[in-house]
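Data first, discussion second: the structure below is written as structure tokens.
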Amino acid sequence: MRLYNYDTKLLLNMQILVDNLEEDYNISFFCRWHDEQRLTGASIYYGQKELSSNLVYVAKAEVYARFPITEKGICRVIVGKSKEKPDALLCSVIELEESVCWESVFNYIQEIFIRYASWSQKLEDILNSGGGLHELCVSAMDFFQNPLYIHDNNFYVLAMPTWVVGMGNIQVDENSGNIFFSQEKIQKLQKSPAYIQTLSTRGAHIWEPSYGTHRMLYTNIWTSDHHYCGRFLLHELNRSLKPGDFLMVNHFATFLRMAFDRNLFKRNDVTSFEKIILKLIKGEAIEQRYLVKRLEMLGWELTHEYICLKIEIQKESKEILRHQKICSSVNIILKDALSISVENGALTICNLTLSQYSRTELPVKLEGLCREMNLTIGCSNHFYDFTEVGEYSRQAEKAIQLGLQRKPKEYFFYFSDYVLDYIIGHFTEEFSIRSICSDSILALVEIDRQKGTEYMETLASYFKNGGNQTPTANDLFIHRSTLMYRLERIQKLIGIDLEDSDTRLFIQIAMRLLGYLN
């Protein structure tokens with residue numbers, strides 16, 4: 001496909017197939033012969049005469065022995081030992097052990113083509129829908145499984161989905177919010193002859209600085225008028241770089257050049273989808289058609305099941321890019337989740353329809369991160385309309401506020417556990433607690449104070465046990481008949497009927513406001 005005069009069609013080669021196959025299969029032999037990027041898919045070989053140089057053919061060794069391929073350049077995957085001599089091969093060949101099921105190999109290769117094509121299509125969709133460098137880099141990080149970033153020709157970072165130890169000294173301008181390399185690193189690079197030579201390269205190359213601890217795969221970004229405007233770097237930190245990564249970085253660079261040509265980036269600006277979420281949080285109107293399109297880029301739908309997590313930093317930290325680290329760490333831990341940086345932490349939206357975990361598993365999954373970074377998390381109720389994300393993000397934030405009041409040593413709070421606290425808290429926004437509470441309860445408090453009785457304690461235990469008399473009597477260390485007498489005495493003293501549901505609810509609320517019930 002061509003976007004703005006750029007060829008974005010992704011073709012694979014045999015090296016890319018080897019990179020993927022060796023993760024699950026033992027490759028006994030690999031011969032590369034003019035291994036250009038020209039493969040569009042896989043086919044089963046059964047001896048057919050008409051063959052395509054754009055396909056890789058998969059079959060057992062005996063099939064190739066019975067029906068030899070004389071046409072040169074036909075790529076093949078052989079399960080078993082081929083009888084052909086390596087020197088006589090005029091094609092690229094991958095041989096796997098004979099014990100492997102050739103049908104599963106064929107399906108595996110088909111999945112490789114689908115995965116690569118899906119990624120390329122996603123990059124096209126990002127640009128077609130107005131996305132920029134940040135969205136492109138997020139997609140690339142998921143694909144390459146290594147941290148990465150883009151900087152311009154002045155060493156300002158234009159996109160960095162995540163920052164991890166080892167990526168270099170990064171600084172943040174407090175006034176502008178620009179992210180850039182330290183002056184020490186910039187000066188070191190500018191004085192390095194080896195680095196200066198890299199500024200004229202085209203395509204993907206390895207850069208391994210003498211002062212560094214790991215390799216980087218980089219490509220310079222050149223505008224359509226041949227001006228150097230920045231660099232894309234893929235750090236070899238999470239997994240080893242493979243030969244096929246060079247080809248994929250070159251492919252990815254095509255989309256980066258389009259983004260630069262179309263000025264699809266702004267410093268000091270959040271990504272377009274983050275803007276949408278921030279507007280929803282503020283209660284601003286969003287065109288639903290545009291929102292649906294942005295959700296589709298994630299594979300999400302407007303009516304999927306969601307929850308919001310508010311993640312707050314509990315102690316001050318000088319750690320660089322801490323908010324960004326929280327977002328990227330949560331996105332790695334929780335699949336099908338989106339995190340954005342907000343005041344004092346991050347907001348994470350979890351798609352429970354697509355995820356493989358339930359809401360109750362979240363505390364276990366995030367416990368390590370919370371303890372490492374001293375975080376507290378509030379969790380909203382479920383919702384089924386993405387446009388309501390603002391309301392449920394406030395629920396998550398309120399869960400932290402209310403939860404810390406009751407359990408200051410905990411790190412994870414569900415809003416559903418504190419709904420009553422929230423409701424009761426609103427009772428006292430206009431009137432004082434004493435003016436809201438019934439005269440009868442206040443009178444009972446006064447009787448306890450003057451006569452040393454334990455009527456309020458009795459009611460508190462009674463309500464905590466759901467009105468069950470036997471466990472209440474056990475908690476108070478009294479006989480059940482004594483409890484019944486005491487409850488009758490309380491009702492006569494203050495003129496209430498505990499059999500009436502509205503009366504019981506009001507008495508419980510009053511006692512909670514006065515601190516007799518938690």
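Just so you know, residue 1 is the first one in the sequence shown, and it goes up from there. Just so it is clear, the structure is predicted and the values come from calculations on it, not from any experiment.
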Nearest heavy atoms of Val138 and Pro161, plus distance in Å: N-CG, 3.8 Å

Distance, nearest 0.5 Å, that separates CD1 of Ile400 from NZ of Lys310: 6.0 Å

Full working for side chain to side chain contact (heavy atoms under 4.5 Å, CB included) between Gln395 and Ile307: CA-CA 10 Å; Gln395 276 192 10; Ile307 59 166; over 6 Å; no

Within 6.0 angstrom of Gln110 CD, more than 12 heavy atoms from elsewhere: yes

Phe232/Phe252 aromatic ring centres below 6.0 Å: yes

CD1 on Ile377 to CG on Leu366, rounded to 0.5 Å: 4.5 Å

Criterion side chain to side chain contact (heavy atoms under 4.5 Å, CB included) on Glu236 and Leu241, from CA distance to verdict: CA-CA 6 Å; Glu236 190 179 37; Leu241 294 172; 3.7 Å; yes

Backbone N/O of Ala117 and side chain of Ser120: donor-acceptor pair under 3.5 Å: no

Beyond-backbone contact of Leu338 with Ile277, side-chain heavy atoms, under 4.5 angstrom: yes

Atom CD of Glu499 with >12 non-hydrogen neighbours under 6.0 angstrom: no

Heavy atoms of other groups near Arg239 CZ, more than 12 under 6.0 Å: yes

Salt-bridge criterion met for Arg449 and Glu446 (N-O under 4.0 Å): yes

Mutual orientation of the aromatic rings belonging to His151 and Tyr149 [parallel < 30°, tilted 30-60°, perpendicular > 60°]: tilted

Distance (rounded to the nearest 0.5 Å) between Trp102 CH2 and Ser104 OG: 10.0 Å

Least distance between heavy atoms, Leu12 atom then Met248 atom: CD2-CE, 4.4 Å

Heavy-atom check, side chain of Glu397 versus side chain of Leu347, under 4.5 Å: no

Note: Glu23-Lys242 ion pair, threshold 4.0 Å (strictly below): yes

Heavy-atom side-chain proximity of Leu127 to Phe255 below 4.5 angstrom: yes

Separation of Gln469 CD from Leu476 CG (nearest 0.5 Å): 11.5 Å

Leu295 side, atom CG; Glu301 side, atom CD - distance, nearest 0.5 Å: 9.0 Å

Main-chain N/O of Asn238 paired with Asn146 side-chain donor or acceptor, under 3.5 Å: yes

Shortest non-hydrogen separation from Met456 to Met511 and the atoms involved: O-CE, 3.5 Å

Flag side-chain contact, heavy atom, 4.5 Å: Trp119 against Asp142: no

Salt-bridge contact Asp417-Lys407 (side-chain N to carboxylate O under 4.0 Å): no

Heavy-atom side-chain proximity of Tyr418 to Gln405 below 4.5 angstrom: no

Considering all heavy atoms, the nearest Ser358-Thr360 contact: OG-OG1, 3.0 Å

Close side-chain approach of Phe413 and Gln401, heavy atoms under 4.5 Å: no

Residues Thr453, Asp448; criterion side chain to side chain contact (heavy atoms under 4.5 Å, CB included); working and verdict: CA-CA 5 Å; Thr453 52; Asp448 277 351; 2.4 Å; yes

Non-hydrogen side-chain atoms of Asp245 and Phe144 separated by less than 4.5 Å: yes

Closest approach of Ala259 to Leu133 (non-hydrogen atoms, all atoms of both residues): CB-CD2, 3.6 Å

Nearest heavy-atom neighbours spanning Phe386 and Leu291: CD2-CD1, 3.9 Å

Reference residue Tyr306; test ring pair (Phe, Tyr, Trp, His ring centres under 6.0 Å); the match among Tyr384, Trp300, Tyr392: Trp300

Pair Tyr25 + Tyr108: ring centers closer than 6.0 Å: yes

Separation between CG of Leu459 and CZ of Arg486, rounded to the nearest 0.5 Å: 10.0 Å

Side-chain donor or acceptor of Glu488 paired with backbone N/O of Tyr485 under 3.5 Å: no

Arg489 CZ: over 12 foreign heavy atoms closer than 6.0 Å: no

From CA spacing to verdict: side-chain hydrogen bond (donor to acceptor under 3.5 Å, both in side chains), Asn107, Glu103: CA-CA 6 Å; Asn107 292 332; Glu103 290 97 337; over 6 Å; no

Donor-acceptor pair, side chain of Asn468 and main chain of Thr470, under 3.5 angstrom: no

Derivation and outcome, side chain to side chain contact (heavy atoms under 4.5 Å, CB included), residues Thr472 and Leu487: CA-CA 11 Å; Thr472 301; Leu487 291 173; over 6 Å; no

Donor-acceptor contact below 3.5 Å, side chain Ser118 vs main chain Ile114: yes

pair Ser139-Leu136: side-chain heavy atoms closer than 4.5 Å: no

